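Please read these numbers as outputs of a predicted model, since none were measured by experiment. In listed order, ligands and their atoms are each counted from 1. Only heavy atoms go into these numbers, but all of them, side chains included; no hydrogens, no water, no symmetry mates.
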Amino acid sequence: MDTKITLFLAILKKLCKCVYLPPMSIMTLKIEFLKGVGTAKADLLAKELNIRSVEDLLNHFPFRYIDKTKFQKISELTGDEDYVQIKGQVVQLQTLGAGRSKRLVAQFTDSSGQIELIWFQGIKWIEDSLQLRTEYIVFGRLTEFNRKFSIAHPEMELMVGHPAVSFLAPVYPSTDKLNKKGLDTKSQRRIFRQLTEKLLPADLPEILPLYIVEKLKLLSRFQAYQFIHFPPDSAHLHAAQKRLKFEELLCMQLKILQYKNRKQSLIKGYIFEKVGDLFNGFYSKYLPFELTNAQKKVIREIRKDMGSGKQMNRLLQGDVGSGKTIVALLSMLIALDNGFQACLMAPTEILAQQHFQSIEEFIKPLNIGIGYLSGSVKGKTRNQVLTALKDGSIKIIIGTHALLEDWVEFQKIGLAIIDEQHRFGVKQRAALWSKSTVPPHILVMTATPIPRTLAMTLYGDLDVSVIDELPPGRKEIKTLHFNENKRLRLLGFIREEINKGRQIYIVYPLIEESEKLDLLDLENGYQALLREFPMPEYHISVVHGKMKPEDKEYEMSRFIKKQTQIMVATTVIEVGVNVPNASVMIIEHAERFGLSQLHQLRGRVGRGADQSYCILMTSFKLSKDSRERIKTMCETNNGFVIAEADLRLRGPGDIEGTRQSGLFGLNIADLAKDAAILTTAREIALRILDSDPEMNEPQHTAIKRHIDHRYRNLQDWSSIS
Ligand code: ADP
Ligand code: MG
């Protein structure tokens, strides 16, 4: 639009508002009318950053702050820093290479030394705008190449001419396009400056109940927004961050818990009131061991749920080997005691088979109809199982997701247990519902501990039980870190263990991007082992993702039956396989695995009475993160500690199955770092909803309105749980 017309319209609009409305709040101003913005830039802000209103703009928080008093010296850099901030000058600038490898290289010095700054994109623009021999602040990720440090695409800012807006200068997220169109950090700062100056307390009224603000000694909403953009010092910055994080997490928890409460009051569940002969008989006569306290506690929680009249939706977390199977069985017996059927589902055929075998063994003396169903059960057997399920002669059915197929009909399904939850899709869980008019109770079991903060978020509407104790008498798995120069020792060790009658896993990484190389690597490793451990004395299984399912099953079953002593595999063995006689887990290129994956793999051993070992083979040179992962593995066997470390190292977005957390659009809170604030927010949310379930009290109406507004586009998040 022509600027004159825009201006005219703006004036007209302002005039109208002056006449008809009370003094206009800056919150209702279109951002194009802010000084330094205009229509073109407003369009760009909308396109690039999805900023369309003053409110959006205010919520566009700095992602870091430049503290102009703290710099590292180039000579003191070690290469261990993730990010560095240095101060100095560009003394030389040249373009190197051509075509795709073309790059701009600047020699940057401070009084102590020199490093290179490198750009691969936007070369022309940077070349034109960089000033030689002028003091800059440079910030970026340090990389080391050929013993030389460099920073690719650093953030740069002139020392002089920098408006002394505050001690901590905000740096805003931006994009190449914004930078080029004059919306770099500095001009963004100018826009925010005038915006916050015009802001009045009435523009950002308090939404939290006063008693909470006072109790937690929080800044007011207005103050928090002022200080998050322009903190006078770090104490004010922290106070602002705390207030805004708390507000964000409280709103999220209120939303989740309200959903959970509504779901629970709407959906009726079967009432299993009695614990009958099957449960009691099994418990007193046939249970082969004493339950751990943690197992007892969890069974009590499950019993209470199933007797409550509401549908159970419980997540059972327990580290590998903590004894979830027996908990599953006892829960199923309660369902049977109340005249219902129960099912247990596993993500793979092998796991389902193992469950079937161990549960069949457990309940042999009870004389209960038990069945198995998977895609590979065919023909007459299949028909028999289906009929028996429908007429109720099968009480316990164990299988794969084949149980969810349309033609599988139950007589009366009361409890569905799903093992290894992260392999089971949301849709599949939902399919269980259609099997019955009243939905069965649902117990989801997972051996991948989920950090507390994520559990409160992603599974915030599920109840969580934790088995935090291993059965007695387990020997701690010894974890060792080896380099290539210990290969000979490793082979000797394998031989010793095999001579003792044990079995060995050797796992190789396999990722899509380097699939060919990875397979070659595994193949070479396998050939080398064949030479070291020749037939007929030794037998080696090999399993990888590129094999046909039948072949995989065959090789696995040879290992399970002890016909082979070594299993060379890619991560297909990751989940659940139980071979108690296997006592050594060797992980090749361990630096390439994520923490939770390493922990899962390690959980394949240590299942019997023997001392077990996990050996992490890595190359000599490791990145900082890899070193941290290996160190964590060697230090602890505790899955929860590992899950927390994983979250810290990777960030919540990267953890399997947690991408949904983006649904809540967390703007400032960080699930990896803000566990304490989240815990407080959850407690307070619980208390609010306890006393005022629909948030209709006057002190809660403001936050209720805010939540409705904030999550107005969030329709489908309930499907994640
Ligand atoms: P997971 O939680 O990994 O599924 P399992 O249920 O497979 O663990 O249990 C691992 C092993 O520990 C099994 O052999 C099981 O029989 C045994 N076990 C379970 N609970 C106890 C207990 N309370 N005391 C002794 N052994 C137990
Ligand atoms: Mg298990």
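Here the heavy atom of the protein found nearest to atom 20 (N) of ligand 1 is Gln295 NE2, 3.0 Å. At the shortest separation from atom 3 (O) of ligand 1 among protein heavy atoms lies Gly321 N, 2.6 Å. For atom 17 (C) of ligand 1, the nearest protein heavy atom (residue, atom name, distance) is Arg474 NH2, 3.8 Å. Among all protein heavy atoms, the one lying closest to atom 22 (C) of ligand 1 is Phe289 CD1, 3.3 Å. Summary of contacts: the protein heavy atom closest to atom 9 (O) of ligand 1 is Gly323 CA, 3.6 Å. Of the protein's heavy atoms, Thr325 OG1, 2.7 Å lies nearest to atom 6 (O) of ligand 1. Looking from atom 2 (O) of ligand 1 to the surrounding protein, the closest heavy atom is Lys324 NZ, 2.8 Å.
Residue contact check for ligand 1: Glu290 places a non-hydrogen atom closer than 4.0 Å to it. Between Ser322 and ligand 1 there is a heavy-atom distance shorter than 4.0 Å.
Interface of Arg607 with ligand 1, defined as ligand atoms under 4.0 Å from a residue heavy atom, comprises 3 (O). Set against the non-hydrogen atoms of Thr292, the atoms of ligand 1 under 4.0 Å away are 23 (N).
By the 4.0 Å N-to-carboxylate-O rule, Glu497 lies close enough to Lys500 to be salt-bridged with it. The pair Glu290-Lys296 meets the salt-bridge criterion, since a charged nitrogen lies less than 4.0 angstrom from a carboxylate oxygen.
Within the set Ala294, Ser358, Pro471, the minimum heavy-atom distance to atom 25 (C) of ligand 1 is found for Pro471.
Between the CG atom in Asp518 and the CD atom in Glu588 there is a gap of 12.0 Å [rounded to 0.5 Å]. One finds the CZ atom of Phe279 at 14.5 Å from the NZ atom of Lys274 (value rounded to the nearest 0.5 Å). Atoms CD1 and CE, from Ile586 and Met617 in turn, are 8.0 Å apart once rounded to the nearest 0.5 Å.
Note: Phe272 and Tyr270 have parallel aromatic rings, judged against thresholds of 30 and 60 degrees for the angle between ring planes. Taking the six-membered ring where tryptophan is involved, the planes of Phe493 and Tyr613 are perpendicular, since the angle between them exceeds 60° and thus also 30°.
Taking 4.5 Å as the limit, some side-chain heavy atom of Leu386 sits within range of a side-chain heavy atom of Val408.
The aromatic ring centres of Phe559 and Tyr505 sit less than 6.0 Å apart.
Counting heavy atoms under 4.0 Å from ligand 1, residue Leu291 touches it through the backbone alone.
Atom 13 (C) of ligand 1 is never approached by the protein to below 4.0 angstrom, counting heavy atoms only.
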